[in-house]
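The structure under discussion appears below in the form of structure tokens.
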Amino acid sequence: MHTGSYIDGAWYQPKNDRLIRNFNPANSSEVIAEYPAATAECVARAVAGASEAFKTWSKVPAPERARVIWRATEIARGRVEEFGRTLTTEEGKILAEGCGEIKKGISVLEYYAGAGTRLAGRTLPAEGRDVFTYTLRRPLGVVGLITPWNFPWAIPVWKVAPALVAGNTCVLKPSEITPNTAAHMVEIFEEAGLPKGCLQMVVGYGDDVGQAIVDHPDVKAISFTGSTATGHKVYAAAASRGAKVTCELGGKNAVIALADADVDAVVASVMNGAFGSTGQRCTATSRLLVHESIVGQVTEALVAGAQALKIGPGLSEGIQMGPIVDEQQFTSVLSYLEIGKSEADCLTGGGKVEELSEGYFVQPTVFGGVAPDARIFQEEIFGPVLSICTIKDLDEGLRYANSVRYGLTSSVYTQDIYEAMRFVEGIETGMVHVNEPTVGGEAQLPFGGIKDTGVGDKEMSSDGLNFFTEEKTVFINFDRGTKRDFNR
Ligand code: NDP
């Protein structure tokens with residue numbers, strides 16, 4: 001296993017008293033790795049190396065760059081189980097979810113490898129006679145990529161792959177909580193023959209290396225995923241020096257279940273959305289707004305489902321929900337459970353799992369009778385906690401669903417196409433589902449939120465590629481010998 005940072009084609013650990021301590025959240029006494037954190041000087045070296053590498057990488061024809069991504073894809077395909085185990089060991093989600101995330105990243109790699117032959121500009125008509133006008137897409141230069149711990153493989157992949165295929169060079173700062181999974185991503189590119197300096201990884205703290213990337217004048221763009229509080233700071237700092245920025249931030253996603261909803265489908269969807277990946281997905285279902293005619297039936301099934309979940313270390317056989325990622329998140333989720341108990345009815349869960357005290361295990365929790373102005377309804381908790389609120393109709397559901405500052409994803413359950421379309425029109429989220437869970441994203445589809453969840457371009461799809469390029473508009477005059485009218 002590689003540890004430390006990866007700069008100019010070599011694994012590297014600086015001298016620094018501030019350490020990275022990588023724990024297994026299922027057993028917090030198990031230290032996976034401990035080493036000095038990267039520093040702002042490491043960032044300076046990484047950016048200098050990436051600037052040098054840009055001079056040649058940006059000139060490599062895009063289809064040839066894409067071949068490196070294809071080779072990396074094939075290498076990853078052969079190591080799914082190994083990478084999934086690393087992910088589960090440091091992040092906590094169960095192995096099936098860990099391997100699922102690796103496979104999702106492989107689909108993203110495939111998509112962007114294909115983009116090497118589709119880096120298209122536009123051909124448009126010119127006003128002048130005998131003038132040919134078109135656009136070209138060019139890479140930006142060195143780009144800074146800052147990622148969170150909850151998708152430690154998929155998110156670095158969906159930033160690095162489009163950035164590289166477009167001809168940029170990257171300085172990646174993964175979350176210091178989950179650096180080993182990101183290290184695997186570096187390994188596949190290294191083995192695939194990516195030239196040195198094209199992908200630099202600095203493993204350090206946000207207030208030091210993260211800030212140094214954001215502030216570095218030679219970093220032309222910042223792509224950030226993380227909390228809204230940090231994202232807004234990053235956006236302001238990077239934009240103020242003229243860098244291009246995109247930020248994908250927090251969520252508080254709702255499912256609305258109307259009177260005619262298929263109750264079994266609602267329950268299956270919300271079980272997965274609320275408790276899958278221990279509720280630590282930006283797309284998790286944290287609110288269920290359910291019609292008064294079915295609220296009893298749905299709530300009863302969800303409570304039974306939550307109580308039946310098998311909780312434990314994600315690498316163990318038969319486990320359905322793993323731990324919270326670290327002590328800080330664990331404390332934060334537990335404090336929200338206390339807030340919830342003072343605001344609503346705690347129908348199941350509500351605390352830590354006492355018999356699993358060696359790790360950060362929280363009971364899957366369902367709160368009923370939640371008022372729309374309750375803190376557990378409004379604030380992102382980022383744990384296996386569901387708030388249920390009763391509604392009379394779609395209009396009330398939309399009003400409550402839209403009352404939060406976030407706008408990532410949402411879902412409605414109904415058999416009525418008119419109500420479904422009214423939901424699609426009225427809901428304030430960047431992604432909308434009908435009769436399916438709030439979770440999930442696909443490589444070819446734009447991914448991201450609105451309101452306080454997203455600033456800047458969306459990710460994945462052609463949008464993800466466009467972010468890492470700038471467009472040049474070209475005018476070519478071929479009216480040999482003719483006088484042109486420049487005042488036209
Ligand atoms: P944080 O905002 O705490 O951290 C995200 C990254 O930013 C980390 O690598 C962090 O480093 C770094 N960072 C912290 N401070 C700075 C700074 N001043 N300058 C630059 N970088 C900095 O988020 P979490 O890691 O806790 O991730 C969870 C959050 O991510 C949730 O809110 C979740 O909703 C959101 N998220 C959003 C997604 C989306 O697509 N909308 C997808 C996935 C997650 P360090 O760890 O050292 O603090």
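Ligands are counted one by one from 1 in listed order, and the atoms in each one are counted from 1 as well. Values in this document were obtained by computation on a predicted structure and should not be read as measured data.
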Q) Could Lys252 and Glu379 be called an ion pair, given the rule that one side-chain N must be under 4.0 Å from one carboxylate O? A) no
(Q) To check your reading of the model: name the closest protein heavy atom to atom 47 (O) of ligand 1, its residue, and the distance in Å. (A) Glu176 OE1, 2.5 Å
Q: Verify the distance criterion only: is there a donor paired with an acceptor across the side chains of Ser223 and Lys244 at less than 3.5 Å?
A: no
**Q.** For atom 20 (C) of ligand 1, closest protein heavy-atom neighbour
**A.** Gly210 C, 3.3 Å
Q.
Looking only at the side chains, is there a donor atom on one of Asp8 and Gln200 sitting less than 3.5 Å from an acceptor on the other?
A. yes
Q: Go through the side-chain N and O atoms of Ser227 and Thr230 and say whether any donor and acceptor fall under 3.5 Å apart.
A: yes
**Q.** Verify atom 40 (O) of ligand 1: protein non-hydrogen atom under 4.0 angstrom away
**A.** yes
Q) If you round to the nearest 0.5 Å, how far is CD of Gln363 from CG of Leu337? A) 8.5 Å
Q. If you measure every N/O of Thr225 against every N/O of ligand 1, is any gap under 3.5 Å?
A. no
Q: Assess the side chains of Glu90 and Asn180: does a donor N or O sit below 3.5 Å from an acceptor N or O?
A: yes
Q. Going by atom types alone, do Glu190 and Tyr6 pair a side-chain donor with an acceptor below 3.5 Å?
A. yes
Q. For Gly449, is the nearest heavy atom under 4.0 Å from an atom of ligand 1?
A. no
Q. Does a donor on one side chain and an acceptor on the other come within less than 3.5 Å for Glu459 and Trp158?
A. yes
Q: Number the atoms of ligand 1 from 1 as they appear, then name those within less than 4.0 Å of a heavy atom of Asn150, with their elements.
A: 43 (C), 44 (C)
Q | Ser332, Gly206, Pro174: member with heavy atom nearest to atom 22 (C) of ligand 1 | A | Gly206
Q.
Out of all atoms in ligand 1, which are within 4.0 Å of some heavy atom of Ile146? Include the element for each.
A. 6 (C), 7 (O), 9 (O), 12 (C), 20 (C), 21 (N)
Q) When you measure from atom 42 (C) of ligand 1 to every protein heavy atom, which one gives the shortest distance, and what is it? A) Cys282 SG, 2.8 Å
Q | Ile155 touching ligand 1 at heavy-atom level, < 4.0 angstrom | A | yes
Q | Protein residue, atom and distance nearest to atom 10 (C) of ligand 1, heavy-atom basis | A | Lys173 CE, 3.9 Å
Q. Does atom CZ of Arg405 have more than 12 heavy-atom neighbours, drawn from other residues, nucleotides or ligands, at distances under 6.0 Å?
A. yes
Q: Examine the side chains of Gln378 and Ser403 and answer whether a donor and an acceptor come within less than 3.5 Å of each other.
A: yes
Q) Near Thr147, which atoms of ligand 1 are under 4.0 Å from a heavy atom of that residue? A) 6 (C), 8 (C), 9 (O)
Q. With no hydrogens and no angle check, do the side chains of Glu327 and Ser28 hold a donor and an acceptor under 3.5 Å apart?
A. no
(Q) Taking distance alone, with N or O pairs closer than 3.5 Å, would you say Leu249 contacts ligand 1? (A) yes
Q) Angle class for the His184/Phe83 ring planes (parallel below 30°, perpendicular above 60°, tilted otherwise)? A) parallel
(Q) Looking only at distances, can you tell me whether any N or O atom of Gln211, backbone or side chain, sits closer than 3.5 Å to an N or O atom of ligand 1? (A) yes
Q) Which protein heavy atom lies closest to atom 15 (N) of ligand 1, and at what distance to 0.1 Å? A) Thr230 CG2, 3.4 Å
Q. Counting heavy atoms only, which of Phe224, Trp149, Trp158 is nearest atom 7 (O) of ligand 1?
A. Phe224
**Q.** Atom indices of ligand 1 within 4.0 angstrom of Pro148 heavy atoms, with elements
**A.** 24 (P), 25 (O), 27 (O), 44 (C)
Q | Contact atoms of ligand 1, heavy-atom distance to Val234 under 4.0 Å | A | 19 (N), 20 (C)
Q. Does ligand 1 have an atom that lies less than 4.0 angstrom from a heavy atom of Glu380?
A. yes
**Q.** Nearest neighbour in protein (non-hydrogen) for atom 28 (C) of ligand 1
**A.** Phe382 CE2, 3.8 Å
Q) At the 4.0 Å heavy-atom cut-off, does Phe151 count as touching ligand 1? A) no
Q) With respect to atom 1 (P) of ligand 1, which of Ser227, Ala284, Gly144 exhibits the smallest heavy-atom separation? A) Ser227
Q. Between His433 and Thr438, do the side chains contain an N or O donor and an N or O acceptor separated by less than 3.5 Å?
A. no
Q) Do Phe189 and Leu109 have side chains that get closer than 4.5 Å, going by heavy atoms? A) yes
(Q) Give me the residue, atom name and distance of the protein heavy atom closest to atom 35 (C) of ligand 1. (A) Gly226 O, 3.2 Å
